[in-house]
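In what follows, a structure is listed as structure tokens, so that the remarks can point back to it.
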Amino acid sequence: MTTNSAEGIRWDLSDLYAAHDDPRIDLTIKDCHARAERFADRFRALMQDRETLTAECLLQGLRELEIIFESLGRVGTYAGLLYAADTAKPEYQDLTQRVEQRSTEVRNLLLFFELEWLKLDDTIASRLMADPTLEAYRHYLKSLRRHRPHTLTELEEKVINDRDNTGRNAFGRLFSEITSSLTFSFEKQGEKADLNLSQILSLLHEPDRGLRQSAMETLYNGLSQHGQVLTFIYDTLIQDQLTMDRLRSYPDPMAQRHLFNEIDGAAVKTMMAVVEENYGLAHDYFRLKAKLLTLPRLALYDQYAPVGKEVKPFPYHQARQVILAAFDAFDPKFRQIAAEFFDKNWIDAEIRKGKRGGAFCASPSPQLHPYILCNYDDNLRDVMTVAHELGHGLHGCLSRKQNYFNYDTPLTTAETASVFGEMLVFDYLLEHQTDREVQIALLAGKIEDIFATVFRQNVLTRFEEKAFAARTEKRLTPDALGTLWLEANGKYYGDAVEMPDGYRWGWSYIPHFIHSRFYCYSYVFGQLLVLALYRMYKDEGKSCVPKYLALLEAGGSDSPEALLRPLGVNIHKPKFWQKGFEEIRALTAKLQALI
Ligand SMILES: [Zn+2]
């Protein structure tokens, strides 16, 4: 066993509770339950009577709800964090399950409040929302109302929920079971092994070209053997969604996602078109990469081949120093907040058995500070992960001045601070790097990360659109889906990258298509938004820092479009989205200059 520099870096959860058997945990839940019962007794009747439903009454209801949700959040966060830090401990498993179950009971008692709010007719609801008393809650109340035209009766909703378990959710589980049990028998250096999906995918990052090529062939060959079932699942789910869209009166397959993202579909359309106009940038990069690898032309399996030289091991204390310095250069307040995470032990970075993999930042509510979990393994990727999660952490801290309902942001802007944090640290590292080969590796890595979120996710979304459109005509076959997939990808790769025919199965293992349709464009949105903001920061300098801080402080108190307006962002203008590509072009030019 090698020793790891993050050993002993564990979070301190004692602000929340003392231990998993702290009696205050049960007391909190009991109190929430009692409060919820009193709340239902009092407000169910008040909400139904047009005479008693005043702005003042609604305000009291919302404040009481906040208190209950805050308390539930504290218990839920504590249980969730304990479990994430040690998933194998039965006491923690029991606690999470118990808390989940009891919280659901409490939430069910409170559900009527939203439903009654949706039932009100528009004139009454508008009058209430216009009342200055409710100003702090206006955005929340308004957001709920947007779902009104698509909500069915309580009984219908209940039947759908119950039937979904054996309907669309069952197909989703079947997909997860198939993809998680996939095994690929693969020969590496004369040794045969059975690899799972993520193991075979990671071979595409290997330096040996022959190895990458046979890994890719093995991958698609393996997927094709499950092709009939994977096609059937996807086809059924699309059909199910088309039916639900009709019943819920959504005008098009993306409309529901736009509503949850608080985004106007027209802006998404503009954004996606601009991304497509810039596919040429990707072609240029792929040709550059071919040159770096001394190949006449890139094949698909060369896309993630490593170039340049890896950065030396990166101990945790150095990551801390680099991140704080990079944040400080942007604004001392950033450094100050990030330093708190390190100094007050809000981060669990150590790698240990039983701890959850990956990384996350939990920002429970305005009354609590965020917590970060990561598995720090002394490499550059992990430095970026800590920077990313600290970006979320900064956002979570700065928006604590908002109330509970205005605290969280929708998906479209949820990754702004995190990706921005990564950009700051990336630039700092590049600037302080003297080894040319390391600079090449840093730049290529960044560009490829950006491509994977901007271009590839755009391709994925286009494919989904085409698949939904095709399903309105007839049942989808493996052949039809494969062709749609190759067409959507062909535009991105152009003649700069050779696609093997097996790639027609490339769509078949992507979980977003199955579990959350049209999710992928949010990645494009988030990344381009940050690149554009970052570009503005470079062009305008320090003058835009206060505006950026204000954006983070605003949390989810308004729609992304309204919150971004003071920064001069107009998401309906192609020119705004193009700014992001200027930043990508600058990165590619830097790389070109090094070669
Ligand atoms: Zn994130």
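Counting starts at 1 for both ligands and their atoms, following the listed order. For the single chain, residues carry numbers from 1 onward in sequence order. The figures that follow rest on heavy atoms only: side chains count, while hydrogens, waters and symmetry mates do not.
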Throw together a table of side-chain donor-acceptor distances under 3.5 angstrom for residues 454-463, partners on residues two or more places apart or in other chains.
unit_1: Q457; atom_1: NE2; unit_2: A452; atom_2: O; d: 3.4
unit_1: N458; atom_1: ND2; unit_2: Y279; atom_2: OH; d: 3.3
unit_1: T461; atom_1: OG1; unit_2: Q457; atom_2: O; d: 2.7
unit_1: R462; atom_1: NE; unit_2: E276; atom_2: OE1; d: 3.4
unit_1: R462; atom_1: NE; unit_2: E276; atom_2: OE2; d: 2.7
unit_1: R462; atom_1: NH1; unit_2: E465; atom_2: OE1; d: 2.7
unit_1: R462; atom_1: NH2; unit_2: E276; atom_2: OE1; d: 3.2

Which pairs would a plain distance check flag for residues 558-569, meaning a side-chain donor or acceptor within less than 3.5 Å of a matching protein atom at least two apart in sequence or in another chain?
unit_1: S559; atom_1: OG; unit_2: A562; atom_2: N; d: 3.3
unit_1: E561; atom_1: OE2; unit_2: H572; atom_2: NE2; d: 3.2

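Side-chain rings of Y534 and F330 stay apart, their centers remaining 6.0 Å or farther from each other.
For the Zn ion (ligand 1), the set of nearby N, O or S atoms under 2.8 Å includes one belonging to E415. Using a cut-off of 2.8 Å, one finds that H392 contributes an N/O/S atom close to the Zn ion (ligand 1).
Minimum-distance N/O/S atom of H388 relative to the Zn ion (ligand 1): NE2.
Salt-bridge check for D427 with K538: passed, with a basic side-chain N closer than 4.0 Å to an acidic carboxylate O.
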